[in-house]
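Heads up: the structure comes next, in structure tokens.
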Amino acid sequence: MSLPRRNGSLELGECTRNPGFQDDEESVADNSNAVPVETRESSAVKLETTEEEYTQIKPYAGMPKEVLLLYSTQARYRVPREILFWLTVACTLALVALTITVIALSPGCLSWWQASPVYQVYPRSFKDSDGDGVGDLKGVLQQLDHFQYLNIKSIWISPFYRSPMKDFGYDVEDFRDIDPLFGTMQDFDDLLAEMHNKGLKLIMDFIPNHTSDRHRWFNLSRTRDPEYSDYYVWTDCNATGPKPNNWVSIFGNSSWTYDEVRGQCYLHQFLKEQPDLNFRNPNVRKEIVDIIHFWLQKGVDGFRMDAVKHILEAAHLRDEPQVDPNKPPEEVTTEWDLYHDYTTSQLGLHDLLRGWRAEMESYSREPGRYRFMVSESYDYHEVDKTMMYYGTPQVKESDFPFNFYLLDLPQNTSGLWAQHLVHLWMSNMPKGKWANWVVGNHDRPRIASSAGPKYVKVINMLLLTLPGTPTTYYGEEIGMENINITDSQVQDPAGKYNTSLSRDPQRSPMQWSDDTNAGFNTKSNASWLPVHPDYSTVNVEAQKKDEGSVIAQYRLLNTLRQTELPLHRGWFCYVHADAHVFSYIRELDGLDQAFLMVLNFGDESVTTDFSSVNELPGQLEVLMSTNHINNGKVMQKSRIVTEAGEGLVIRYSTSTRFNPNHSKECYISEKACYLSVLDILYKC
Ligand code: GLC
Ligand code: MG
């Protein structure tokens, strides 16, 4: 498009033509057309002679450069221009600095392993797709909607490697293969792809301490293949003579077994079919790192590191001290008879774990692909040993070590006990670390059974309202209980030593519906362990229809946990604990809404008086009770009533925070302060 020209000048409508304007194009054209010299000269002359004339008029856009320059050097034009220039520079710099500060000071988003609970699938028992009575990977694939229904993103699946199943998968024959009982590598790939499609994360069980005695390495080691000879912990002994020392296996009796092929004893801290690897051998360390790479390259999102405290043993093989020095040595047969000074938590263990973490770190750099590590170590009263797995501010280790202390809740159902167990973790956890809570797993009786069904909901409420990541063992979301196992039904090797130690009761098939076998499989009625007889009422399908059910409460609480910032990442403050009630507040600076939890772990109904807690308003409304008919109830803060086993989530509005005046009773993982002027939270 071009504007029409008239008499060699642009048609500018009402605009006045600049008398000094010289159109280059025009002049070129004029030259070529041999325009009379006078015309050009006259305008040039005019420019020189009218300099004074121009200074009389104000400058305006479109003036010839020469004229503008006359003005631009004058102070009244130059100074504002320079001021404006430097102001622009300063503002730009200030904006950049502000952006950097806001980014640096903003509390980061929680990572996926913090935002969602971890759900443990015990694959033998979750869902059996082919009807052989044992759950499998295709079964897990079929049930992915269940996790979405619960709003759970992180799924830890207990081992499904190729295994002779002496310890149901914790005895690995090939770390790079899937056991046919669970499916194929293709099934695994399909499962992982579909999980990622649905935004779910897969955490694998990783078992570094031992392999199966059917592992290729063990076969080569017992035949003294020079490459593999030192892959396991061997020492001299003879078939009938005394054991090399008094060390005992976690499953009972000596942890040494004589191997006829090699003519020596090998160490096994678990079953004799689970020989301990020798981590003092660099080739073993390399093998394990290679396996970690193998699964990370496949895209798994994390590892649960099994039995880590057992990974190294003292090389000197001295006897461990007896707990009761007077006990005859031949009666020293269980884990509890010895202080495990030489078989657990040995020097070098954390270096190994930190090395593995570093490998995982190199796969964690893509956005959204953080690889998570949780470690399993039961350290009982030596909580500081557990905390070591958090690493140091300089060197990362586990994102968190499993916190098993709440498993002791049933020992004494009282508010004080609950607070004591929670406090054990909170007061020992290194500053700035992320807490976590476990109330059940495949090794411990279901808490619904040990605490009693009355406490199922309040325990889930505790789990989902404490700060940190909750872990839910399959079936806890519907309040499944242990099954009774007769001696002849025992499957677990631990139970073969002593029926009361069997872990079968907590491994019964998941109760999906009131169909045959509780919907665990549809193709047959086989199941590797009996289904709990309560399945006709305690099942996913039935509970989904009941707003007062365990699953309904679980789902709601989990949603609340993830949508309400104070529950998600806010302060956690103790408010009250007595023989019945444990009560705490979750709040976040800058938010008017806060939460008070009142959980009755006792065995009778009580009224709790919160009138001395000035930060609470006079009237409190129940957002959610484990007894759903109490939802919406309004109570005076001096008279908060809870039944035995009842828990309340109370949401209230306040402008007064509890934490500033009670810093000793309060914890937060990452402190955030509120800047009211900008209405933002910042790290402080
Ligand atoms: C862990 C597992 C347990 C297994 C043991 C040996 O403690 O949780 O089930 O028997 O390690 O691998
Ligand atoms: Mg070991």
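We number each residue from 1, following the sequence as shown.
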Quick check: does any side chain N or O of His340 sit under 3.5 Å from a backbone N or O of Ser345, one acting as donor and the other as acceptor? no
Is the backbone of Asn482 close enough, under 3.5 Å, to the side chain of Ser449 for a donor and an acceptor to pair up by distance? yes
Row check, Tyr389 ring normal vs Arg354 NZ/CZ: under 6.0 Å, within 45°: no
Just by distance, do the side chain of Ser229 and the backbone of Asp225 share a donor-acceptor pair under 3.5 Å? no
Can you tell me how far apart OH (Tyr231) and CZ (Phe279) are? Round to the nearest 0.5 Å. 11.0 Å
Sorted by chain and number, sequence neighbours left out, side-chain contact (heavy atoms from CB on, under 4.5 Å) with Asn521 holds for Asp128, Asn517, Ser524
Taking C-beta and beyond as the side chain, do Leu202 and Ile155 meet within less than 4.5 Å on heavy atoms? no
Check: Met360 main-chain N/O paired with Ser364 side-chain donor or acceptor under 3.5 Å: yes
Starting at CG of Asp171, measure out to CG of Leu271 and round the result to the nearest 0.5 Å. 7.0 Å
For Asn484, does the CG atom sit with more than 12 other heavy atoms under 6.0 Å from it, leaving out its own atoms? no
Cationic tip of Arg176 above Phe294 ring, under 6.0 Å, 45° of axis: yes
Does NZ or CZ of Lys544 lie under 6.0 Å from the centre of the six-membered ring of Tyr149, at an angle within 45° of the ring axis? yes
Quick one: closest heavy-atom pair of Leu529 and Gln489, and the distance? CD2-O, 4.4 Å
Centroid-centroid under 6.0 Å between Trp356 and Phe303 rings: no
With salt bridge (charged side-chain N to carboxylate O under 4.0 Å, His left out) as the test, would you mind laying out the steps for Arg503 and Asp443 before giving the verdict? CA-CA 6 Å; Arg503 297 166 295 178; Asp443 293 327; 3.0 Å; yes
Do side-chain atoms of Glu477 reach the backbone of Gly475 as a donor and acceptor pair under 3.5 angstrom? yes
Please check if the distance between the ring centroids of His268 and Trp256 is under 6.0 Å. no
Okay, side chain of Asp408, backbone of Gln411: is any donor-acceptor separation there less than 3.5 Å? no
Return yes if some donor-acceptor pair links the side-chain N/O of Ser221 with the main-chain N/O of Tyr228 below 3.5 Å, else return no. yes
Evaluate the ring planes of Tyr122 and His442, with Trp represented by its six-membered ring, and classify them as parallel (under 30°), tilted (30 to 60°) or perpendicular (over 60°). parallel
Does the structure place the NZ or CZ of Arg318 under 6.0 Å from the centre of the six-membered ring of Tyr342, at an angle of no more than 45° from the ring's axis? yes
Should Lys153 and Asp301 count as an ion pair when the cut-off is N to O under 4.0 Å? no
When you look at Gln297 and Tyr363, which way does the side-chain hydrogen bond (donor to acceptor under 3.5 Å, both in side chains) test go after all the steps? CA-CA 8 Å; Gln297 267 159 23; Tyr363 288 81; 3.0 Å; yes
Geometric cation-pi criterion, Arg446 with Tyr474: 6.0 Å, 45°: yes
Are any side-chain N or O atoms of Thr223 and backbone N or O atoms of Asn219, one a donor and one an acceptor, separated by less than 3.5 Å? yes
With Phe251, which residues qualify under ring pair (Phe, Tyr, Trp, His ring centres under 6.0 Å), at least two apart? Phe270
CG on Leu277 to CG on Leu267, rounded to 0.5 Å: 10.5 Å
Please determine whether ring-ring contact (aromatic ring centres under 6.0 Å, His included) holds for the pair Tyr232 and Phe218, giving the CA-CA distance in whole Å, both sets of side-chain angles, and the decisive distance to 0.1 Å. CA-CA 7 Å; Tyr232 295 83; Phe218 191 70; 4.9 Å; yes
Between Phe126 and Trp512, ring centroids under 6.0 Å: yes
More than 12 foreign heavy atoms under 6.0 Å from NZ of Lys166: is that the case here? no
Salt-bridge test for Asp205 and Arg304: reply yes if a basic N is under 4.0 Å from a carboxylate O, no otherwise. yes
Less than 4.5 Å apart, any side-chain heavy atom of Asp167 and any of Glu273? no
Presence of salt bridge, Asp492 and Lys496, under 4.0 angstrom: no
Can you tell me how far NZ of Lys272 sits from OG of Ser249, rounded to the nearest 0.5 angstrom? 11.0 Å
Pairing of Arg222 and Asp259 as salt bridge, 4.0 angstrom limit: yes
Tyr266 and Trp234 aromatic centres sub-6.0 Å: yes
Decide side chain to side chain contact (heavy atoms under 4.5 Å, CB included) for Lys309 and Asp379; before the verdict, give the C-alpha distance in whole Å, the side-chain angles of both, and the deciding distance to 0.1 Å. CA-CA 9 Å; Lys309 71 175 182 182; Asp379 298 298; 3.9 Å; yes
Greater than 12 external heavy atoms within 6.0 Å of Arg262's CZ: yes
Is Glu260 atom CD crowded by more than 12 heavy atoms from other residues, nucleotides or ligands, each under 6.0 Å away? no
Step-by-step side chain to side chain contact (heavy atoms under 4.5 Å, CB included) determination, Arg124 to Leu181: CA-CA 9 Å; Arg124 290 184 77 82; Leu181 208 52; 3.8 Å; yes
Side-chain donor/acceptor of Glu320 to backbone N/O of Trp247, under 3.5 Å: no
Would Arg162 and Asp174 pass as an ion pair if we require N to O under 4.0 Å? no
Whether Phe175 and His215 hold their rings parallel, tilted or perpendicular, with breakpoints at 30° and 60°: tilted
Does Lys396 have more than 12 heavy atoms from other residues, nucleotides or ligands lying within 6.0 Å of its NZ? yes
Measure centre to centre between the rings of Tyr119 and Phe147, then say whether the value is under 6.0 Å. yes
CD1 of Ile157 to CE of Met204: how many Å apart, nearest 0.5 Å? 8.5 Å
In sequence, state the C-alpha distance, the side-chain angles, and the governing distance for Lys523 and Asp130, and then conclude on salt bridge (charged side-chain N to carboxylate O under 4.0 Å, His left out). CA-CA 7 Å; Lys523 296 203 173 128; Asp130 58 7; over 6 Å; no
Does the distance from a Lys or Arg side-chain N to an Asp or Glu carboxylate O, for Asp399 and Arg357, drop under 4.0 Å? yes
For Phe402, give me all partners under ring pair (Phe, Tyr, Trp, His ring centres under 6.0 Å), at least two apart in sequence or on another chain. Trp156, Phe404
Closest non-hydrogen atom pair, Ser212 against Pro275: C-CD, 3.8 Å
Which of Trp437, Trp425, Tyr390, Phe372 passes ring-ring contact (aromatic ring centres under 6.0 Å, His included) with Phe400? It is Phe372
Is there side-chain contact between Asp187 and Leu141, with heavy atoms separated by less than 4.5 Å? no
d(Lys286 NZ, Asn281 CG) to nearest 0.5 Å is 12.0 Å
Going by heavy atoms in the side chains, are Val538 and His532 under 4.5 Å from each other? no
Expected output: side-chain Asp337 to main-chain Thr333 donor-acceptor under 3.5 Å: yes
